[in-house]
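Side chains are part of it too, since the values below use all heavy atoms of this structure and drop only hydrogens, waters and symmetry mates. Chain letters run A, B, ... following the sequence lines, proteins first and then strands; every chain starts at 1.
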2 protein chains.
Amino acid sequence: MTVTIKDVAKVAKVAPSTVSRVISNSPRISERTKEKVREAMKELGYHPNFNARSLANQSTKTIGIIMPNSANKTFQNPFFPEVIRGISTKAHQLEYGLYLSTGQSDEEIIEEVQHMVQGKRVDGIILLYSKVNDKVLKYLHEQDFPFTLIGRPYDESLFNITYVNNDNFKAAKTVTEYLLLLGHKQIAFVGGNLDNVVTIDHMQGYNQALRNAGIEPRDEYIVFHEELQEGGQEAVIDLMSLTERPTALIVADDIMTFGVMRMLSEMEVRVPEDISIISFNNVMISELSAPPMTTVDINIYSLGYEAANLLIDKILHPSVEPKKMIVPHKMIKRETCRRLVEKGGAKRESM
Amino acid sequence: MTVTIKDVAKVAKVAPSTVSRVISNSPRISERTKEKVREAMKELGYHPNFNARSLANQSTKTIGIIMPNSANKTFQNPFFPEVIRGISTKAHQLEYGLYLSTGQSDEEIIEEVQHMVQGKRVDGIILLYSKVNDKVLKYLHEQDFPFTLIGRPYDESLFNITYVNNDNFKAAKTVTEYLLLLGHKQIAFVGGNLDNVVTIDHMQGYNQALRNAGIEPRDEYIVFHEELQEGGQEAVIDLMSLTERPTALIVADDIMTFGVMRMLSEMEVRVPEDISIISFNNVMISELSAPPMTTVDINIYSLGYEAANLLIDKILHPSVEPKKMIVPHKMIKRETCRRLVEKGGAKRESM
DNA sequence: GTGAAAGCGCTAACAG
DNA sequence: CTGTTAGCGCTTTCAC
């Protein structure tokens, strides 16, 4: 009942192999028979069977996407739809399909990845997160399976892989310098999970900027929290309980910033009058906070798009050297940062 | 170089078919040979080839997920990661994989769906959106291909399909009644795209509640906007330009509400003092608005989970009748609604 | 330019 | 309980 290549062959009065050649548009087939075959295909409503092709070809034309484990709240970050949109665009252009991981825990995920690669379910993999000592990364590298990482490898032994990242160190440094320029000296850093490489890079950029300005980073001003919203709220409590409250905050993620701002407003600390905030990512909703947040646009869409691009390249040319790519970031000034008002409180200049 | 069933067979000194039986854990194989075979598999590092299985089985153990076209901003709604998390959980339990659509336009999507089903790339499909006159829906139904819809069919001829939905009519009605109870009479409705069935249901619930209260719905109080954030903002401008401004707003979607609140605060209209707002979905961030929004929790995760559940059921038992399922919703009262203050402005009671 | 036939890796019907 | 064999639907040498 399913119409196969053979049926088409019969109707077109040619051999199955000829039909196959027409499908792949082989130049060694005459236009006349091509026409004949194509007609037969239309007539019968023929569609190539994907699994048969994959089996014969040893290629699936599909990309595996590994998300962080879905139990984690980060999963709901609008970051992901946006990277996927980027990946999706490139994939679609080159007629690749997307296969999604479903694991809820790290063990489930590594297992799944193994199934994907050993079972030849995908031609390559994109890792949507990068954390310290990641088993998945290590496994993929050992297997020499085509993959790209969004983020950067942490382990030295894994430096030589294909990845696309932002210059997160630089971004954090710039952002810190900006706050410094606005007169802030008590700048706190609210990071995400310390296992994420991006958190480490942010922190180092922050530290560097402070040191360059002759300010020694203070431990009490550096806090990390796993969960996005709750984390943001807890961080605020910790920070605002200090005798010397920070006058500015650098927050790891826009969603976390929502939590931070929420908590601050509950405590009746005004943004930016009492405290300045700057964060990272610039997801869709970040312009909708009250007040709209100043943040670093990391070009999420491009991260996805380029990751797909590099991956497909790797799939097609397995032997070429791994490529690294840095997607530019850009600070988006909105309304959560302001020049620090002097003790006396004379001028109030907003930036 | 890839290790196949034959290699295992050789090492274990059995026939390939026996190995196959061990894989599917057939009860007709003695424990002894099972052990022997399993050992050989470990030893060789054997992993079943997915495409070969799919081909022989006529089953892929994967579910296709059709998102709205990714060009659309709704794509970035945190709604999607959350439904997918639900789908993912069920799928993982039953060892199904997830295959994602990548189309950027409606044409691309319908094409993709056809490839998926005709090419036998997936065993079933979940539609993540439901809109009026949807070609995809129609096609799937014509083909009698297993699928479930998240939302409900609009076209009568398609009533008899499997779907999971909320009672959106009821939810909108309740919400309207709630505002009515708070003394509001000038209640506006800010809907999403009128092509979405959910918008229609919301509107009808709203209309019904008003009529029941003896209030004739006014055209000026009903606006629709496609885009989430911008839409929210435009809607506010339209509504606030009326001579008789509404005192309460029912907004289609939490993200849109962020846009609405942003615009309102720019216009220095205070929420909830000057205007009450209630919206739908209760996505993760909705509790982080300032003030935190009152909204209807539609249980997004369950929508996904149940959709996967019904779909897999359908895949396994194709002949059983289509099932419909209504996921309960629940109003989450937070801080954007308040009793209408009488003209004189005596009491101020918050709810 | 086109056909015949082997094979991708696995499953399942039929024997025994 | 286990082996033999014939496919699943397509690609790809190797002939002609």
Side-chain angles (χ1 to χ4, degrees), chain A residues 1-41 44-62 95 115-123, chain B residues 1-41 44-62 95 115-123:
Chain A
M1 31 141 300
T2 21
V3 21
T4 78
I5 217 175
K6 285 189 185 172
D7 302 318
V8 177
K10 241 169 247 166
V11 171
K13 299 202 166 79
V14 294
S17 49
T18 303
V19 178
S20 172
R21 289 189 185 103
V22 173
I23 292 172
S24 52
N25 200 18
S26 159
R28 328 186 319 188
I29 298 287
S30 74
E31 272 312 316
R32 255 189 69 241
T33 46
K34 274 190 188 173
E35 268 320 301
K36 217 169 41 175
V37 170
R38 291 208 179 102
E39 253 175 48
M41 299 202 306
L44 298 176
Y46 169 80
H47 275 263
N49 179 308
F50 217 87
N51 297 303
R53 283 195 114 180
S54 297
L55 185 58
N57 270 337
Q58 307 277 49
S59 133
T60 60
K61 285 279 236 167
T62 112
E95 304 195 283
H115 279 44
M116 281 192 201
V117 340
Q118 314 254 25
K120 303 210 190 313
R121 208 167 177 158
V122 299
D123 291 348
Chain B
M1 32 141 299
T2 22
V3 21
T4 80
I5 217 176
K6 285 189 185 170
D7 302 319
V8 177
K10 240 169 246 166
V11 172
K13 299 201 164 76
V14 294
S17 52
T18 303
V19 178
S20 173
R21 288 187 187 104
V22 174
I23 291 172
S24 53
N25 200 17
S26 158
R28 326 184 321 186
I29 298 284
S30 76
E31 272 311 316
R32 255 190 69 239
T33 44
K34 275 190 188 172
E35 269 319 301
K36 218 170 43 177
V37 171
R38 291 207 178 103
E39 252 175 51
M41 299 201 306
L44 299 176
Y46 169 80
H47 275 263
N49 179 309
F50 218 87
N51 297 303
R53 284 194 111 179
S54 298
L55 185 58
N57 270 336
Q58 308 277 47
S59 133
T60 59
K61 286 278 239 167
T62 111
E95 303 195 283
H115 278 44
M116 280 193 202
V117 339
Q118 315 253 26
K120 303 212 190 312
R121 210 169 175 155
V122 300
D123 292 347

Partner residues of Thr62(B) under the side chain to side chain donor-acceptor pair (under 3.5 Å) criterion, sequence neighbours left out: none
Spacing of OG1 belonging to Thr18(A) relative to CZ belonging to Arg28(A), to within rounding of 0.5 Å: 10.0 Å
Evaluation steps, side chain to side chain contact (heavy atoms under 4.5 Å, CB included), between Ile23(A) and Tyr46(A): CA-CA 11 Å; Ile23(A) 292 172; Tyr46(A) 169 80; 3.6 Å; yes
Donor-acceptor pair, side chain of Ser24(B) and main chain of Ser20(B), under 3.5 angstrom: yes
Approximate separation, where rounding is to 0.5 Å, of Glu95(A) CD and Lys61(A) NZ: 5.5 Å
Interatomic distance, Glu35(A) atom CD to Arg38(A) atom CZ [nearest 0.5 angstrom]: 6.0 Å
Asn49(A) side chain vs Thr4(A) backbone, donor-acceptor pair below 3.5 Å: no
Interatomic distance, Lys120(A) atom NZ to Thr2(B) atom OG1 [nearest 0.5 angstrom]: 5.0 Å
Partner set under side chain to side chain donor-acceptor pair (under 3.5 Å) for Ser54(B), not counting sequence neighbours: none
Axis-to-axis angle between the two ends of the helix from dG1(C)-dC16(D) to dG16(C)-dC1(D) (five base pairs per end, rounded to 10 degrees): 40°
Donor-acceptor under 3.5 Å (Lys34(A) side chain, Ser26(A) main chain): yes
Nucleotides 7-14 of chain D: protein proximity per nucleotide (B base, S sugar-phosphate only, - neither; heavy atom, under 4.0 Å): BBBBBBBB
Pairwise distance CZ(Arg121(B)) to NE2(His47(A)) - rounded to 0.5 angstrom: 14.0 Å
Members of residues 30-38 of chain B that approach DNA chain C, where some heavy atom sits under 4.0 Å away: none
Leading and trailing nucleotides of DNA chain C with any atom under 4.0 Å from heavy atoms of chain A: dG1(C) to dG9(C)
Donor-acceptor contact below 3.5 Å, side chain Asn51(A) vs main chain Asn51(B): no
